[in-house]
Novice: 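Pasting in a structure now, in structure tokens, and then I'll have a few things to ask.
Heavy atoms only: backbone and side chains are in, while hydrogens, waters and symmetry mates are out. Throughout, protein chains are lettered first and strands after them, A, B, ... in sequence-line order, and every chain is numbered starting at 1. These figures come from a predicted structure and were not determined experimentally.
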There are 2 protein chains.
Amino acid sequence: MSTERKRARTQDQKHFRRQQILDAAEQHFTEVGYEGFSMANLAKLAGVVKGTLYLYFKTREEVFLTLYNQSLVRWSHVFLNQLQDAMTDQDYAKTLYTTALADGSFIPLLTRLEHVIEHNVSIDSLIQSKRNFIERVDCIAQATAPVLGLSEAQSLELVKTMGVLLVGAARADQGPPLQGEDIPADVQGLIDSFSSEPIFIKNACRIISGIRAEHSA
Amino acid sequence: MSTERKRARTQDQKHFRRQQILDAAEQHFTEVGYEGFSMANLAKLAGVVKGTLYLYFKTREEVFLTLYNQSLVRWSHVFLNQLQDAMTDQDYAKTLYTTALADGSFIPLLTRLEHVIEHNVSIDSLIQSKRNFIERVDCIAQATAPVLGLSEAQSLELVKTMGVLLVGAARADQGPPLQGEDIPADVQGLIDSFSSEPIFIKNACRIISGIRAEHSA
DNA sequence: TTTTATAAATGACTTGCAGTCATTAAATAA
DNA sequence: TTATTTAATGACTGCAAGTCATTTATAAAA
């Protein structure tokens, strides 16, 4: 906090200030979530005034998109580190799922990416974000191929598909907290049956098997 | 419009008025989408004043949840009607996908259900909505079993999983419109590779195969 | 028919949000 | 020391959801 009371004049100082805001944003996001996030509170937390935020980000969604980009990179490093020389399909799926969920921001931002965040963002930011995504996917696919015994092409398709499945499965965890509410047994049963981890893992395995089988012909 | 200038006194009249508001909401939603939807505009379109909306719906999200419930019922009828005696896995998946996307409200509401809509809704409405969901899923599963040659249990799991896959795959269509923007080839290639229909159908088939195989052992 | 009671409908109001912009002042250059 | 540049400010606009005291249409009672 005491490190920066001064004005950011050089490009380096501006990058540093921008990252300070992003760090505050990450903290604010994990504390209050997407709907509770406000630029006014972010400003307070970052120790600047609201107008200053708009010198560094054109819109609130530009902040979110940047947080998303960073969280994708962060998660991909964690995931790549956990890959072993040879893993069962199930271990692979479980590792992917667990590491993704362990990052507090990644899934909540990913599930809002297309239908909210990308709609209030400059084309340039969007292109930059997509490029970052391509790079991470390629990198993960390259590491995945030998682990699961797939071709590069198969591996690329798999990784892309895992993203789709992850978003679909993670939905279940995004519902409202129901602690202490009395939920009828039938409804509780439904919620339990959509528990995201087994759904993700089971279907990830089915999809891996499917992809592996398709080109053995 | 000329049918109802009067006050709704009886329960029947109130139900009718509520449905009038919902019809206007459906229209407003298809015109401006989720983010553009406002209660003030809905009031104008429904021919009432804003405060009146809150006599019939506790929050804006209660309106959306009701629209979602109705769209689920509407889609399920269309889908059930299109099921044939015996279909290939692919025909089944394609029919499911096509009918779901043909309904203008179903997918946009479904993709926002857990992380937005359900967070500002009464527990009672949520339970009612989940019960409606259970009923539709059961009904679809029952009809699906003979079509794909699955047991009832397999069919139930399949239908639930299709919902997960549908949400994940449909994300790709929810991005911002990019007509007329010049998108670099690599990014355009990425977007194309996430085209939702082939992703849904291919993986639906892989999952159906997987489920079918699991209990043949 | 006239009066009274009920509650549907109203719209002005509050609160909270994202985003803007004329002004201020810190840092650098002259 | 003075002039210039531009980061930072915070008061401001506009719009949204949701509230509530008041109005008034309608039904029931007299």
Side-chain angles (χ1 to χ4, degrees), chain A residues 1 3-21 24-25 28-29 32-67 112 116-122 125, chain B residues 1-21 24-25 28-29 31-67 112 116-122 125:
Chain A
M1 291 297 152
T3 48
E4 281 299 307
R5 281 292 72 198
K6 310 192 165 270
R7 288 195 171 189
R9 301 283 295 202
T10 72
Q11 215 60 6
D12 270 4
Q13 288 173 317
K14 284 199 232 176
H15 271 98
F16 186 72
R17 174 63 49 90
R18 193 181 138 101
Q19 191 55 50
Q20 281 189 313
I21 293 171
H28 186 37
F29 185 73
V32 303
Y34 194 93
E35 321 319 312
F37 190 103
S38 88
M39 293 297 267
N41 285 336
L42 170 56
K44 266 178 222 152
L45 202 62
V48 296
V49 95
K50 201 167 51 159
T52 305
L53 299 180
Y54 288 91
L55 299 176
Y56 292 91
F57 299 94
K58 278 208 264 311
T59 63
R60 163 186 140 108
E61 282 73 22
E62 294 259 357
V63 178
F64 286 135
L65 187 62
T66 312
L67 286 183
R112 286 159 176 97
V116 189
I117 298 173
E118 290 186 354
H119 281 267
N120 200 10
V121 137
S122 71
S125 300
Chain B
M1 293 294 155
S2 59
T3 47
E4 279 300 305
R5 280 291 74 198
K6 307 190 167 276
R7 288 196 172 187
R9 304 282 296 202
T10 71
Q11 217 57 8
D12 270 5
Q13 287 173 318
K14 285 200 231 174
H15 271 97
F16 186 73
R17 173 62 48 90
R18 194 179 138 100
Q19 192 54 50
Q20 281 189 314
I21 293 172
H28 186 37
F29 185 74
E31 278 170 10
V32 302
Y34 194 94
E35 314 331 302
F37 190 103
S38 90
M39 293 298 266
N41 285 337
L42 170 57
K44 265 178 221 152
L45 203 60
V48 296
V49 95
K50 201 167 51 158
T52 305
L53 300 180
Y54 289 91
L55 299 175
Y56 292 90
F57 299 94
K58 279 207 263 310
T59 64
R60 164 187 140 108
E61 282 74 23
E62 294 260 356
V63 177
F64 287 134
L65 188 62
T66 312
L67 286 184
R112 286 160 176 97
V116 189
I117 297 173
E118 288 185 355
H119 282 267
N120 200 10
V121 137
S122 72
S125 301

Novice: Is B:Glu62 reaching over with its side chain to a backbone N or O of B:Ser122, donor-acceptor style, under 3.5 angstrom?
Specialist: yes
Novice: Roughly, in whole Å, what's the span from CD in B:Gln13 to C1' in C:dA7?
Specialist: 13 Å
Novice: Please state how far atom CG in B:Leu53 lies from atom P in C:dA8, giving the value in whole angstrom units.
Specialist: 15 Å
Novice: When you measure from the side chain of B:His28 to the backbone of B:Phe37, do you find a donor-acceptor pair of N or O atoms at a distance under 3.5 Å?
Specialist: no
Novice: If I take atom CZ in residue A:Arg18 and atom C1' in nucleotide D:dA7, what distance separates them, rounded to the nearest angstrom?
Specialist: 16 Å
Novice: Just how far, in rounded Å, is C1' of C:dG19 from CG of A:Leu42?
Specialist: 14 Å
Novice: Can you confirm whether A:Phe16 sits close enough to A:Asp12 that some side-chain heavy atom of one is under 4.5 Å from a side-chain heavy atom of the other?
Specialist: no
Novice: Could you check whether B:Arg60 makes a cation-pi contact with B:Tyr34, meaning its NZ or CZ is under 6.0 Å from the centre of the six-membered ring and within 45° of the ring axis?
Specialist: yes
Novice: For a side chain to side chain contact (heavy atoms under 4.5 Å, CB included) with A:Thr59, tell me which candidate from A:Ile117, A:Leu65, A:Asn120 qualifies.
Specialist: A:Asn120
Novice: B:Thr52 or A:Lys58: which one's nearest nucleotide on DNA chain C is closer to the 5' end?
Specialist: B:Thr52
Novice: Measure the distance from NZ on A:Lys14 to P on C:dA27 and round it to the nearest whole Å.
Specialist: 15 Å
Novice: For B:Arg17 and C:dA8, what is the distance between atoms CZ and P respectively, to the nearest whole Å?
Specialist: 11 Å
Novice: How does protein reach along nucleotides 13-18 of chain C, written 5' to 3' as B (base within reach of a heavy atom under 4.0 Å), S (only sugar-phosphate), or - (no contact)?
Specialist: -----B
Novice: For residues A:Val63 and A:Met39, determine if any side-chain heavy atom of one lies less than 4.5 Å from a side-chain heavy atom of the other.
Specialist: yes
Novice: Could you tell me how far apart A:Leu55 (CG) and D:dT5 (P) are, to the nearest whole angstrom?
Specialist: 19 Å
Novice: Remember a base hit wins even if backbone is also touched, and classify A:Phe57 as base, sugar-phosphate or nothing at under 4.0 Å, heavy atoms.
Specialist: nothing
Novice: Consider side chain to side chain donor-acceptor pair (under 3.5 Å). Of B:Gln20, B:His15, B:Gln19, which one does B:Arg17 pass it with?
Specialist: B:Gln20
Novice: Does a salt bridge link A:Glu35 with A:Arg112, judged by any charged N lying under 4.0 Å from a carboxylate O?
Specialist: yes
Novice: Go nucleotide by nucleotide along DNA chain D from the 5' end; which of A:Val49 and B:Gly51 gets its closest nucleotide reached first?
Specialist: A:Val49
Novice: For nucleotides 24-26 of chain C, tabulate all protein N/O to nucleotide N/O atom pairs closer than 3.5 Å, reporting atom names and distance.
Specialist:
residue, atom, partner, partner atom, Å
C:dA26, O4', A:Arg7, NE, 3.4

Novice: For the CZ atom of A:Phe57 and the OG1 atom of A:Thr66, what is their distance to the nearest 0.5 Å?
Specialist: 5.0 Å
Novice: Would you mind reading off the distance between A:Phe16 atom CZ and D:dA7 atom P, rounded to a whole angstrom?
Specialist: 17 Å
